[in-house]
Structures are given as structure tokens and as C-alpha cells.
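Have a look at the structure below, then the notes.
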Amino acid sequence: MSDTSEKLKLAILISGRGSNMITIHKACQDPYFPAEIALVLSHRPDAKGLTYAQEHNIPTEVVDHKEYSSRKDFENEMNSRIEPYKPDLIILAGFLRILNAPFIEKWPNRILNIHPSLLPKYKGLNTHARAIDDGQKEAGCTVHYVVPELDSGPIIVQKSVPILEDDTPNTLAQRVLEQEHIAYPEAIKLVANKLLST
Ligand code: GAR
């Protein structure tokens with residue numbers, strides 16, 4: 001990668017503590033990282049990650065889903081708050097609301113998600129409990145492009161961890177989260193370098 005001047009703009013969508021967003025923000029401090037955060041948006045006004053973003057002078061927006069009577073209105077409002085920042089990529093980082101086709105299709109190949117399983121295994125919720133209950137030996141995380149079908153878009157990066165005999169969903173989630181924090185910056189770097197070179 002050539003220099004520090006060309007960077008992709010990220011809009012990061014969160015629902016809660018935002019540890020993936022924080023890790024991405026830390027990666028962006030490297031002058032050779034090919035992206036910068038333009039916006040952090042949450043649908044929950046009390047999302048803890050918003051405080052981190054504000055303390056680090058990252059612009060934030062809140063679109064409280066409870067204030068909208070339909071998904072369509074909620075997603076249209078999110079879109080109109082995101083667009084002025086002109087992001088190159090939308091990064092779902094623990095964004096726990098399902099996005100619908102009309103929103104996703106506005107950003108073709110421009111939305112990334114991190115999911116706490118080795119997709120295509122364990123789409124949806126409670127991934128760690130289901131993997132333990134099934135006697136799996138391995139779990140992990142996946143960064144993928146978002147398509148209208150849930151947790152199904154092309155995979156960009158996966159990281160795996162062992163499932164230990166005495167694991168609970170919480171201990172496993174912690175081990176996987178450490179890998180998420182490696183996987184997401186790695187995936188953004190791959191995608192950004194690809195977009196910058198085309
Ligand atoms: C992460 O483990 C992420 O993989 C998961 O939510 C957590 C958010 O943590 N996402 C999903 O389950 C999406 N289906 P964070 O707010 O600390 O980044």
C-alpha cells in the first residue's frame with residue numbers, strides 16, 4: 001500500500017458496547033491502515049459504544065428504532081443519516097437488527113458484518129450455546145458481505161478457536177471475541193485495499 005492519503009470512509013453501526021468498533025478505531029490509528037471512521041450510528045440511544053465514539057471525536061448519530069412504526073421508515077431514516085457522510089463501506093459491528101433488502105440493495109457489496117460463528121454453521125442467534133450443545137470441537141467468527149438472506153453473503157475472513165470441555169457460552173464467546181478483534185480489521189484492510197486498487 002502506497003501512502004496514508006487515500007483512505008476509505010467507514011460508517012460503523014452498533015447496538016451495544018462496541019468492542020469491535022473500538023478495535024477498528026484503534027486499527028485506523030495506523031497511518032498505513034486504508035480506512036478511517038466517518039460515523040458511528042446506533043439504533044439504541046444508550047449504546048455504550050456511542051460514549052467511546054464521542055470521547056474520540058467521531059461523529060455519532062442515533063436512530064431509535066422504537067420511534068418508527070415500520071422497518072421501512074426506520075431504515076429510510078438510517079439511510080438518510082448515513083448518506084451525508086458519504087461512506088465507502090458500512091460496517092455492522094454488533095448491530096443486532098436485521099436489515100431488509102431495500103436498505104441492503106442501496107449499498108451493493110458495501111456492507112460488511114461480523115458474525116460469531118464459522119458460517120455457514122450457526123446463522124442467527126445463540127451461536128455459542130448451539131455449537132457447545134452439538135458437541136462441536138471448533139467455533140469461531142466470520143466477516144462477510146451482507147446480502148438480503150441472513151448471515152449468507154460471501155465470506156471475507158474467518159478465524160477459528162477450539163471449544164474446550166468446560167466451556168460455557170460465555171467463556172466461548174470471550175475466546176471468539178478475541179479473534180473477532182483480529183478478523184474485522186483484517187477484513188476491512190483486504191476489502192479497502194481491493195477497492196482502492198480498482
Ligand atoms: C459480537 O460478538 C458480534 O460478533 C455479535 O455481537 C457482538 C457485539 O460485540 N454479532 C452478532 O451476533 C450479529 N449476528 P461488540 O458490540 O462488543 O462489538
Side-chain angles (χ1 to χ4, degrees), residues 10-28 35 37 39-56 58 60-65 71 74-75 78 89-101 103-104 107 111-134 136 138-163 167-188 191:
L10 310 177
I12 305 188
L13 275 49
I14 62 168
S15 296
R17 69 187 163 188
S19 73
N20 277 290
M21 175 270 292
I22 292 169
T23 306
I24 294 164
H25 179 249
K26 288 183 176 154
C28 290
I37 303 178
L39 167 68
V40 171
L41 179 148
S42 181
H43 62 100
R44 296 193 48 164
D46 60 350
K48 268 188 161 179
L50 287 172
T51 309
Y52 175 93
Q54 284 151 3
E55 284 170 1
H56 290 80
I58 302 166
T60 58
E61 297 279 350
V62 174
V63 182
D64 186 346
H65 64 281
R71 287 176 178 203
F74 166 64
E75 291 180 0
M78 278 210 304
L89 291 174
I90 295 181
I91 303 295
L92 308 183
F95 185 73
L96 303 180
R97 290 197 70 79
I98 290 175
L99 292 170
N100 295 282
F103 180 91
I104 293 169
W107 302 92
I111 309 179
L112 273 51
N113 180 44
I114 190 156
H115 185 72
S117 79
L118 294 172
L119 291 173
K121 285 183 181 166
Y122 305 113
K123 298 175 181 181
L125 299 173
N126 303 320
T127 54
H128 304 307
R130 286 154 65 207
I132 291 170
D133 287 352
D134 287 350
Q136 297 281 334
E138 204 179 47
C141 62
T142 305
V143 182
H144 64 96
Y145 288 101
V146 172
V147 296
E149 194 186 336
L150 184 69
D151 298 332
S152 296
I155 290 171
I156 303 160
V157 169
Q158 275 187 321
K159 301 279 178 198
S160 59
V161 299
I163 298 181
D167 261 334
T168 64
N170 280 344
T171 59
L172 180 56
Q174 190 51 45
R175 192 173 312 115
V176 170
L177 190 64
E178 286 171 17
Q179 294 305 308
E180 293 185 34
H181 293 166
I182 299 169
Y184 225 159
E186 199 175 301
I188 291 169
V191 172

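We count residues from 1, following the sequence as given. In listed order, ligands and their atoms are each counted from 1.
With respect to atom 8 (C) of ligand 1, the closest heavy atom belonging to the protein is Gly94 CA, 3.5 Å. For atom 9 (O) of ligand 1, the closest non-hydrogen atom of the protein is Arg17 NH2, 3.2 Å. For atom 14 (N) of ligand 1, the nearest protein heavy atom (residue, atom name, distance) is His115 ND1, 3.3 Å. Residue, atom and distance of the protein heavy atom nearest to atom 12 (O) of ligand 1 are Pro116 CD, 3.4 Å.
Heavy-atom proximity to atom 16 (O) of ligand 1, evaluated over Gly18, Ser117, Gly16, is greatest for Gly18. Closest heavy-atom approach to atom 15 (P) of ligand 1 among the candidates Ala47, Ala93, Ser19: Ser19.
Pairs engaging residues 175-188 under the salt bridge (Lys or Arg N to Asp or Glu O under 4.0 Å) rule: Lys159-Glu186, Asp167-Arg175 [sequence neighbours left out].
For Ala35, the side chain to side chain contact (heavy atoms under 4.5 Å, CB included) partners at least two apart in sequence or on another chain are Leu8, Leu10, Phe33, Ile188.
Close approach of ligand 1 to Leu96 (heavy-atom distance below 4.0 Å) involves ligand atoms 10 (N), 11 (C), 12 (O), 13 (C).
For Lys123, the NZ atom sits in a packed shell: over 12 heavy atoms of surrounding residues, nucleotides or ligands are nearer than 6.0 Å.
Contact check for Asp151 versus Asn113: side-chain heavy atoms found under the 4.5 Å cut-off. Considering only heavy atoms from C-beta on, Tyr145 stays 4.5 Å or farther from Ile111 through its side chain.
No heavy atom of Ile14 sits closer than 4.0 Å to any atom of ligand 1.
Using modelled atom types, one finds no donor on one side chain facing an acceptor on the other under 3.5 Å when comparing Thr127 with His115.
When non-hydrogen atoms are compared, ligand 1 lies under 4.0 Å from the side chain of Glu180 (C-beta onward) but not from its backbone. When non-hydrogen atoms are compared, ligand 1 lies under 4.0 Å from neither the backbone nor the side chain of Asp151.
Aromatic ring orientation, Tyr52 versus His56: parallel (interplanar angle below 30°, classes split at 30° and 60°).
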